[in-house]
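Residue numbers start at 1 and run along the sequence shown. On a predicted model such as this, the values are computed, not experimentally measured, just so you know. Whatever order the structure lists ligands and atoms in, that order sets their numbers, starting from 1.
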Amino acid sequence: MLEIKKSISESIAQGIKAINSDASLEISDIASMLEYPPDEKMGDLALPCFKLSKTLRRSPVQIAQTLADGMSTPCVARAEAVNGYLNIFLDGAYLASRVIPETRAKGDKYGAPTDLGEGKTVVLDYSSPNLAKPFHIGHLGTTVIGHSLKMLHEFAGYKCIGINYVGDWGTQFGKLIVAYKKWGDREKVENGGVDALVELYVKINNAISGNEEEGISADPTLADEARAEFLKMEQGDEENLALWRWLVKLSLKANDEIYRQLGITFDSYKGESSYTEGMPVQVQRLRDKGLLKIDDGASIVDLEEYGMPPCLILKRDGSSLYPTRDIAAAYDRKQMYDFDKSIYVTSAGQSLHFAQWFKVVELMGYDWFDKLVHVPYGTVSINGAKLATRTGNVILLRDLFALAIEKVAAIMEEKNPNIENKEKTAEAVGVGAVIFYYLSNNRIRDINFVMEDALSFDGNTGPYVQYTYARTCSVLSKSGEYDKNAELLITSEDETSLLKTLSRFEEVVRDAIDAYEPSIVTRYILDVAGAYNRFYHNCSILGAENEQIKNTRLAITEATKTVLGNAFGLICLKKTEKI
Ligand code: ARG
């Protein structure tokens with residue numbers, strides 16, 4: 001589409017010259033004025049001519065008419081002037097002659113804007129759950145948005161390093177150690193794994209804050225005990241450190257299964273605990289630069305001038321804090337990877353934290369401060385219920401996936417009981433449904449997760465698009481070999497419309513990277529699936545009027561399969577050949 005926009009813009013530029021020979025506009029400026037009309041009937045592309053009125057000193061109506069009359073380029077079937085808009089209809093045969101050979105030649109690279117990332121490195125910090133706490137639905141966002149951003153950047157030619165900056169350090173371990181020492185049982189925890197840990201974690205939080213329903217009164221001294229246990233860890237107490245290593249191992253193991261289901265791997269698991277040693281250097285630099293202030297015993301960086309509350313660097317007892325570790329980790333990553341961009345995906349609740357320590361990095365004089373990017377996302381609730389780990393009301397991601405898989409398996413049993421690899425497919429579709437539903441949303445918007453909506457096979461869902469992918473596979477396997485050298489013949493609007501959608505892929509990928517917004521890809525997948533299904537229902541493929549039309553439709557089906565497959569890869573959706 002980019003090329004198409006370019007050649008249309010060239011033709012428009014000539015028209016503009018004809019109106020006013022002094023007017024000079026860059027082709028790229030004209031290209032960026034081209035819009036996709038809201039309704040296909042109004043054209044495939046449109047130029048709002050009021051944007052040229054001032055330069056050309058003509059009315060938009062006159063300009064549109066002149067440009068429509070002068071439009072001549074092989075990609076345009078016709079151009080119309082309507083109310084000051086130049087409406088452009090693309091030529092199906094031209095689109096086919098571009099899209100079909102290109103999807104064939106590029107295959108799994110079709111749509112990749114490789115010029116973007118060549119020679120550049122991106123570090124992505126995502127998922128990064130706090131260990132010792134349950135991996136719950138609130139972590140879904142950072143995990144799938146982060147992975148999707150990694151896939152998008154990789155597709156665009158960047159060298160990517162995905163880091164799971166696990167929260168393996170902090171007071172939550174103090175709490176868990178108190179709970180374990182009070183109520184724990186080694187064997188029970190060893191065998192119970194994450195469930196046993198969650199139980200202890202919930203119990204200690206209830207004990208600290210009290211729980212009226214269960215008749216537990218609050219005991220804040222336990223919070224002090226937890227802090228003391230954590231401080232002992234920071235001071236190198238071997239008993240606590242041994243417990244800590246064991247708890248970390250158990251938590252990591254539990255999370256592995258989630259990552260396997262999602263098909264996500266990381267390049268590094270360097271977590272918060274790795275930065276105890278790197279921190280003092282940064283604290284010293286802050287001190288040397290005169291940035292540290294003592295406030296009520298704690299060390300802070302005053303950010304009032306920048307309209308933010310102070311950034312806490314060291315607690316009163318000298319123990320480290322979240323921002324301090326982030327600064328040390330960012331420095332380490334810059335040394336290790338020399339990134340061109342360093343991306344952090346977390347809930348919007350942490351936006352202030354990132355704004356603060358990014359500012360501190362800038363004040364410290366690190367010239368890479370402007371390469372740090374925070375990508376926030378909204379909250380998730382399930383059917384209205386807010387999710388919190390501190391109470392018993394947690395929805396584990398594992399349980400959510402299990403429920404989705406079970407429901408999909410039941411639907412499949414009804415629709416297609418004889419399919420091979422039943423379990424694997426049910427997992428791909430069940431987990432895919434959750435991911436797709438999640439990534440359909442603009443990331444910053446809060447989501448209320450409704451399972452029935454996510455799993456429906458005919459709504460705008462994961463199962464629906466995976467089913468469409470399987471449909472392209474089934475058409476191609478039924479047809480067997482077909483003549484790929486035969487000349488293409490476009491005979492229907494539905495073919496043109498689908499080809500036009502396929503040709504937009506690269507632009508979509510660019511937009512998604514630009515906005516750090518995987519939902520742009522998700523919505524595009526729905527456009528492709530919709531266009532393919534309309535084509536499939538209205539145009540007979542295997543029973544087409546003649547061989548040439550049939551070959552063309554098979555080629556279009558194959559191009560669709562390539563585009564859907566490539567786009568699925570960008571949002572962690574598995575390619576299901578049969579459902
Ligand atoms: N562990 C943190 C949490 O669960 C998220 C870490 C995000 N990454 C970072 N570099 N701060 O809230």
Distance col, row K232:NZ vs I177:CD1, nearest 0.5 angstrom, shows 8.5 Å
Pairs under 3.5 Å, nitrogen or oxygen of ligand 1 with protein nitrogen or oxygen:
unit_1	atom_1	unit_2	atom_2	d
ligand 1	1 (N)	S128	O	2.8
ligand 1	1 (N)	N130	OD1	2.7
ligand 1	4 (O)	N130	ND2	3.4
ligand 1	8 (N)	D125	OD1	3.1
ligand 1	10 (N)	D125	OD2	2.9
ligand 1	10 (N)	D326	OD1	2.7
ligand 1	11 (N)	Y322	OH	2.7
ligand 1	11 (N)	D326	OD1	3.4
ligand 1	11 (N)	D326	OD2	2.8
ligand 1	12 (O)	Q350	NE2	2.8

Notebook entry, point to check: Does the pair K359/E362 count as a salt bridge with the N-to-O cut at 4.0 Å?
Noted result: yes
Residues 203-239 vs ring-ring contact (aromatic ring centres under 6.0 Å, His included), sequence neighbours excluded, gives W169-F230
Across all chains, not counting sequence neighbours, the side chain to side chain contact (heavy atoms under 4.5 Å, CB included) partners of M151 are H147, E154, L570
Per side-chain hydrogen bond (donor to acceptor under 3.5 Å, both in side chains), S127 is matched among T143, N255, N164 by T143
Taken in chain and number order and not counting sequence neighbours, the residues that satisfy side chain to side chain contact (heavy atoms under 4.5 Å, CB included) with V373 are K341, I343, V375, Y516
